[in-house]
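Just below is one structure, and these are the notes that go with it.
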Amino acid sequence: MRARHLAPAALLLPFTLLLAACGGSSRAEGGGGTGSGTDGKGSLTLNVGDQKGGSEALLRAAGELDDLPYKIKWSTFTSGPPLLEAVNAGAVDVGAVGNTPPVFAAAAKSKIKVIAGSHSRSDGETILVKKDSPLKRPAQLKGKSVAVAQGSSAHYQLVASLKKAELTTKDVTLNYLQPADALAAFTRGKVDAWAVWDPYTSQALDQADARVLTTGQGLVNGLSFQVAAPAALDDKKKSAALKDYTDRLRRAQNWVFKHPDVWAKSWAKETGLPDKVALDAVKRTRGTAVAVAVDKAAIASEQQIVDSFAALKLIPRSFDFGEFVDPRFNGDLPPSGTAPRTYGKAH
């Protein structure tokens, strides 16, 4: 599975598997939670929504699930939107998502609170074209077709990239496709470009004869969030467990940065990613995350996404994103604009 000219059908299986590892940035079809075990001990149970290769895999690899003083019951979802539906319904106490699913959930007046954040590099948020494409800069996308998952972080990155090139979504033909379908369309030349995120970026560069037209670096906020149910925050014991849980995630992320090869192998095993692709994604994006406060700057940055999608009529209304944030766990975390870590030259 390492050849660069694999047929689309050969790539669909790993990309479909990866749908669960998209960091909450995709509006995947279906996606109800499925139980995947319990960790820890004690009378308190924290119900955590996760995605394949996500928080559970991260915490386990870093040793942060050892000696838990409370239980964590894991439920696995295909993407951020259905996970947040479960948070809204009270079936899940907390879960990790990207920067865009909370915008859609909040627009639908879901009962959610953003309680923790991390800031990563945005080199993995890309618009890809084929290596032999004549397109050399975003302005040349005018009149072209672009595949993108509607409502995803890549969708916002595309909007921002077009705006920088003095274009709008009306200047291109949007093909709203989930990653597996987008890959097929991209590989067969049915679309001129593909707006997507890591680890799809890393796999397309390695296996789908792709090159980067532009990235989200400097255009998107690179934030991802832990989102909790207000009822869990109102419960003193669960609130204390949520604080401990976010602390463990922060320590695990610090461990990932120091052990990228170990984490990449573990992540590859969990998701079906090739080892090389996993390591590329870790060094390009996933390993660069730093825990940050969900502060006024983070709220303002998310508000830009709210306003952009409201203007495009992709959400039914604009609203104050700050109303869906609970900053109680910010503590002494650095500002949300703190630079992500880096492994040197971007991959």
Side-chain angles (χ1 to χ4, degrees), residues 1-34 50-54 57 76-85 96-98 100-101 104 124-131 133 144-158 172-213 216 267-278 280-281 284-286:
M1 295 293 290
R2 302 303 294 276
R4 291 185 177 276
H5 298 282
L6 292 177
L11 283 169
L12 286 179
L13 180 58
F15 268 77
T16 302
L17 286 172
L18 281 173
L19 191 57
C22 68
S25 299
S26 166
R27 293 177 61 79
E29 296 178 1
T34 56
D50 196 20
Q51 299 173 61
K52 192 173 179 66
T76 305
F77 296 81
T78 57
S79 65
L83 191 161
L84 292 186
E85 289 172 11
V97 297
T100 305
F104 280 80
E125 294 271 357
T126 59
I127 299 176
L128 301 175
V129 295
K130 300 292 283 187
K131 284 184 177 177
S133 169
K144 304 300 183 182
S145 58
V146 185
V148 64
Q150 187 173 8
S152 67
S153 60
H155 195 172
Y156 181 69
Q157 189 262 126
L158 173 62
V172 300
T173 299
L174 296 180
N175 288 257
Y176 290 131
L177 299 170
Q178 292 300 318
D181 294 328
L183 168 70
F186 179 79
T187 305
R188 293 171 181 149
K190 300 296 186 182
V191 294
D192 298 301
W194 181 16
V196 72
W197 60 91
D198 250 339
Y200 300 108
T201 290
S202 294
Q203 190 153 17
L205 292 173
D206 187 64
Q207 298 182 335
D209 206 30
R211 66 175 168 83
V212 175
L213 181 70
W267 192 29
K269 184 177 180 181
E270 183 77 14
T271 61
L273 281 166
D275 287 353
K276 178 184 181 299
V277 171
D280 284 349
R284 179 182 284 110
T285 309
R286 294 300 180 97

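Note: hydrogens, waters and symmetry copies are ignored here, and every other heavy atom, side chains too, is used.
Considering every non-hydrogen atom in both A154 and A195, the closest pair reads CB-O, 3.5 Å. The heavy-atom pair separating R211 from K131 by the smallest distance is NE-O, 3.3 Å. Residues I127 and A193 come closest through the heavy atom pair CG2-CB, 3.9 Å. P199 and V277 make their closest contact through O-CG1, 4.2 Å (heavy atoms, listed as atom of the first residue, atom of the second, distance). Of all the heavy atoms in S153 and E125, the pair that sits closest is OG-OE2, 2.7 Å.
When each of Q207, R286, R284 is checked for a side chain to side chain donor-acceptor pair (under 3.5 Å) with S202, only R284 meets the rule.
The closest side-chain heavy-atom distance from S152 to W197 is below 4.5 Å. You'll find the side chain of H155 stays beyond 4.5 Å of the side chain of T100, heavy atoms only. Counting heavy atoms from C-beta on, the side chains of L158 and V146 come closer than 4.5 Å.
A donor-acceptor contact shorter than 3.5 Å is absent between the side chain of Q178 and the backbone of A149. Side chain of Q203 to main chain of A208: no donor-acceptor pair is present (N/O by atom type, distance under 3.5 Å, no hydrogens or angles). Of the possible polar contacts, none joining the K52 side chain to the T76 backbone as a donor-acceptor pair under 3.5 Å is found. In this structure, the side chain of T201 engages the main chain of G124 through a donor-acceptor pair within 3.5 Å.
A search for side chain to side chain donor-acceptor pair (under 3.5 Å) contacts involving T285 returns D198, not counting sequence neighbours. Taking A278 as the reference, A264, W267, A268, L273 meet the side chain to side chain contact (heavy atoms under 4.5 Å, CB included) condition, with sequence neighbours excluded. Not counting sequence neighbours, the partners of F186 by the ring-ring contact (aromatic ring centres under 6.0 Å, His included) test are W194. By the side chain to side chain contact (heavy atoms under 4.5 Å, CB included) test, T173 pairs with S145, N175, sequence neighbours left out. In terms of the side chain to side chain contact (heavy atoms under 4.5 Å, CB included) criterion, residue partners of K190 (sequence neighbours excluded) are, by chain and number, A185, R188.
Within the model, atoms CG of D192 and NZ of K130 stand 12.0 Å from one another, a figure rounded to the nearest 0.5 Å. In this structure, L128 CG and L183 CG are separated by 10.5 Å, a value rounded to the nearest 0.5 Å. Atoms CG and CG, on L205 and D280 in that order, are 8.0 Å from each other to the nearest 0.5 Å.
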